[in-house]
> 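Input: one structure, supplied below.
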Protein chains: 2
Amino acid sequence: MLSFTEENYLKALLHLTMEFEDKVEAGTNELAFYLGVKPATATDMLKKLKEKKLIQYEKYGKISLSETGRKKAIEILRKHRLWETFLYEKLEFTWDEVHEVAEQLEHIHSPKLVDKLDKFLGYPEVDPHGDSIPNAKGELKQSFKKTLSEVETGTSCKMVAVKDNTAAFLQYVSKLNLRIDTTIQVLSRQDYDGSMELLISGSKIMVSQKFAENILIV
Amino acid sequence: MLSFTEENYLKALLHLTMEFEDKVEAGTNELAFYLGVKPATATDMLKKLKEKKLIQYEKYGKISLSETGRKKAIEILRKHRLWETFLYEKLEFTWDEVHEVAEQLEHIHSPKLVDKLDKFLGYPEVDPHGDSIPNAKGELKQSFKKTLSEVETGTSCKMVAVKDNTAAFLQYVSKLNLRIDTTIQVLSRQDYDGSMELLISGSKIMVSQKFAENILIV
DNA sequence: CTAATTATTTAGATTAACCTAACAATTTTA
DNA sequence: TAAAATTGTTAGGTTAATCTAAATAATTAG
Ligand SMILES: [Mn+2]
Ligand SMILES: [Mn+2]
Ligand SMILES: [Mn+2]
Ligand SMILES: [Mn+2]
């Protein structure tokens with residue numbers, strides 16, 4: 001049985017090796033920074049995870065998940081996203097509140113619980129942030145979506161997910177009346193700083209490039 | 001914030017100081033045995049819990065919960081029983097499966113989660129084992145119920161809870177068609193070993209004294 | 001292609017939660 | 001009430017997960 005901490009390392013590695021289409025490895029510092037620990041700490045854990053055959057790793061080399069490591073990580077991601085969906089759909093949590101609690105709930109060990117929860121929620125495909133939920137077989141629909149910042153001026157698109165999961169960002173998105181499935185029309189763009197003028201359900205708003213880079217669209 | 005382990009010690013102390021009406025203290029060995037650790041380990045933790053003002057304790061003396069310690073312990077008990085109820089009522093778990101998972105879920109930290117869960121479940125008063133669920137104010141209806149072994153021969157009673165929460169016992173109870181609210185008629189009793197002949201919804205069964213001592217009735 | 005910079009590992013500590021073995025206090029029993 | 005039994009504590013370790021400081025490898029830049 002994996003410890004809470006080991007699970008977090010695997011989850012972090014899954015995240016870091018899926019950041020963009022061709023990224024399949026991570027570095028020690030990158031991992032340590034992501035987890036909020038010192039590189040020396042990460043090195044110790046990497047040795048242990050290698051020992052347990054959960055990762056591929058050689059001293060001074062890059063890190064990637066093994067097949068079993070990836071399986072484990074996806075299980076945790078599945079639990080995380082199912083719990084977020086539960087909190088959002090059944091317990092009236094807002095989308096900026098669910099992540100923190102799911103960080104704890106994802107470590108509950110009980111295969112029966114996960115599958116019953118999935119059933120109870122009606123086998124949802126995406127979580128409250130628009131992220132795809134791995135199914136019971138451990139299959140994850142991974143699609144690398146375009147961001148709002150890449151949309152051509154004058155065209156329309158639909159928001160399908162968010163990239164940033166911090167409460168601050170999510171609350172701001174909500175305040176702008178943006179949510180999953182909202183149609184966005186790009187009216188204009190400032191060459192100077194990349195900020196964009198948008199039309200959302202009748203009202204015009206202005207957003208920064210940084211903001212637009214965290215809205216995923218289709 | 002209390003650790004997982006500290007929470008388990010407090011919960012154990014709450015249990016041990018509520019075993020019967022006049023029991024308000026526990027001993028080091030008793031506590032250690034209940035938690036499955038060595039007495040030396042318990043002594044260490046007792047010092048820490050005393051330091052944090054969660055218990056009353058003097059070297060070589062008896063242990064009892066402080067007001068804050070009791071509050072904390074009841075919060076955990078509340079979570080435990082609400083989660084058991086959730087698993088049983090919403091996720092189709094059987095009553096012998098819920099405890100193990102609730103042992104993990106009870107340590108999730110989120111005041112909002114507990115209260116939303118309570119609301120979602122319709123503010124249940126008892127868990128699947130008939131145990132009273134503390135309310136949001138931390139009030140616990142504690143009633144010391146009679147056991148089936150104390151019922152007079154020839155009279156009837158109603159099962160309201162079970163004392164033993166092990167899967168083996170609960171499965172056996174189910175197999176005998178006994179559940180919360182079942183009416184039990186005591187037909188006869190063996191002087192020799194205290195075993196009892198019961199009438200349950202039309203069929204006669206024989207149970208041991210040990211068994212009868214773990215069925216709570218009214 | 002060396003020197004500077006960056007990335008990573010090693011060495012040596014710390015803390016929480018556990019253990020065993022030995023010792024000390026308390027309670028029971030004869 | 002003294003010996004025996006029980007209960008509880010202390011001393012000294014271990015392991016997992018963390019840290020800081022120092023050393024080393026790899027990469028980048030001039
Ligand atoms: Mn999340
Ligand atoms: Mn999410
Ligand atoms: Mn239980
Ligand atoms: Mn229960």
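Basis for what follows: all heavy atoms, side chains included, without hydrogens, waters or symmetry-related copies. Predicted, not measured: the structure shown is a model, and the values here were computed from it. Chain naming here is simple, since letters A, B, ... match the order of the sequence lines and numbering starts at 1 in each.
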> How do A:Tyr60 and A:Val37 order along DNA chain D: which one's closest nucleotide is nearer the 5' end?
A:Val37

> Roughly, in whole Å, what's the span from CZ in B:Phe33 to C1' in D:dT6?
16 Å

> Within this structure, what is the NZ-to-P distance between A:Lys38 and D:dA22, rounded to whole angstrom?
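For the pair A:Lys38 NZ and D:dA22 P, the rounded distance is 15 Å.
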
> Among side-chain atoms of B:Glu150 and B:Thr147, is any donor-acceptor pair under 3.5 angstrom?
yes

> Could you state the NZ-P distance from A:Lys62 to D:dA26, rounded to the nearest angstrom?
12 Å

> Do any side-chain nitrogens or oxygens of A:Lys59 fall under 4.0 Å of OP1 or OP2 in D:dA26?
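No, outside the criterion.
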
> Could you tell me the separation between the OH atom of B:Tyr34 and the P atom of D:dG8, rounded to a whole number of Å?
17 Å

> Are more than 12 heavy atoms, taken from residues, nucleotides or ligands other than B:Lys112, located less than 6.0 Å from that residue's NZ atom?
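Yes.
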
> Tell me what B:Ala40 touches on the nucleic acid: a base, only sugar-phosphate, or nothing, going by heavy atoms under 4.0 Å.
base

> Which nucleotide sits closest to the side chain of A:Asn29: C:dC19, D:dT7, C:dA7?
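For the A:Asn29 side chain, the nearest candidate turns out to be C:dA7.
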
> Check each residue of residues 3-21 of chain A for a non-hydrogen atom within less than 4.0 Å of any atom in DNA chain D, then write out the ones that pass by number, or none.
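Residues of residues 3-21 of chain A under 4.0 Å from DNA chain D: A:Ser3, A:Thr5, A:Tyr9.
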
> Please determine if a side-chain N or O atom of A:Lys47 lies less than 4.0 Å away from the OP1 or OP2 oxygen of C:dT9.
no

> Do A:Lys145 and A:Ser143 get their side chains close enough for a donor-acceptor pair, meaning under 3.5 Å?
yes

> Considering just the side-chain nitrogens and oxygens of A:Thr41, establish if one lies under 4.0 Å of OP1 or OP2 belonging to D:dC19.
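So the side-chain polar atoms of A:Thr41 do come within 4.0 Å of the phosphate oxygens OP1 or OP2 of D:dC19, strictly under.
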
> Separation of A:Leu31 atom CG from C:dT9 atom C1', in whole Å?
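To the nearest whole Å, that distance equals 14 Å.
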
> Given atom CG of A:Leu49 and atom C1' of C:dT9, what is their separation to the nearest angstrom?
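For the pair A:Leu49 CG and C:dT9 C1', the rounded distance is 16 Å.
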
> Report the distance from atom CE of B:Met45 to atom C1' of C:dC18, rounded to the nearest whole Å.
10 Å

> Can you tell if the side chain of B:Thr43 reaches within under 4.5 Å of the side chain of B:Tyr57, non-hydrogen atoms only?
yes

> Could you check whether B:Thr43 gets within reach of a base, just the sugar-phosphate, or nothing at all, counting any heavy atom under 4.0 Å?
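Base, at least one base heavy atom under 4.0 Å.
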
> Between C1' on C:dA16 and CG on B:Leu2, what's the gap in Å once rounded to a whole number?
14 Å

> In Å and rounded to the nearest 0.5 Å, what is the OG1 to NZ distance from A:Thr28 to A:Lys62?
7.5 Å

> Using the six-membered ring wherever Trp is involved, compare the ring planes of B:Phe120 and A:Phe120 and label them parallel, tilted or perpendicular (cut-offs 30° and 60°).
perpendicular

> Which label fits A:His129 and A:Trp95: parallel for a plane angle under 30°, tilted from 30 to 60°, or perpendicular past 60°?
parallel

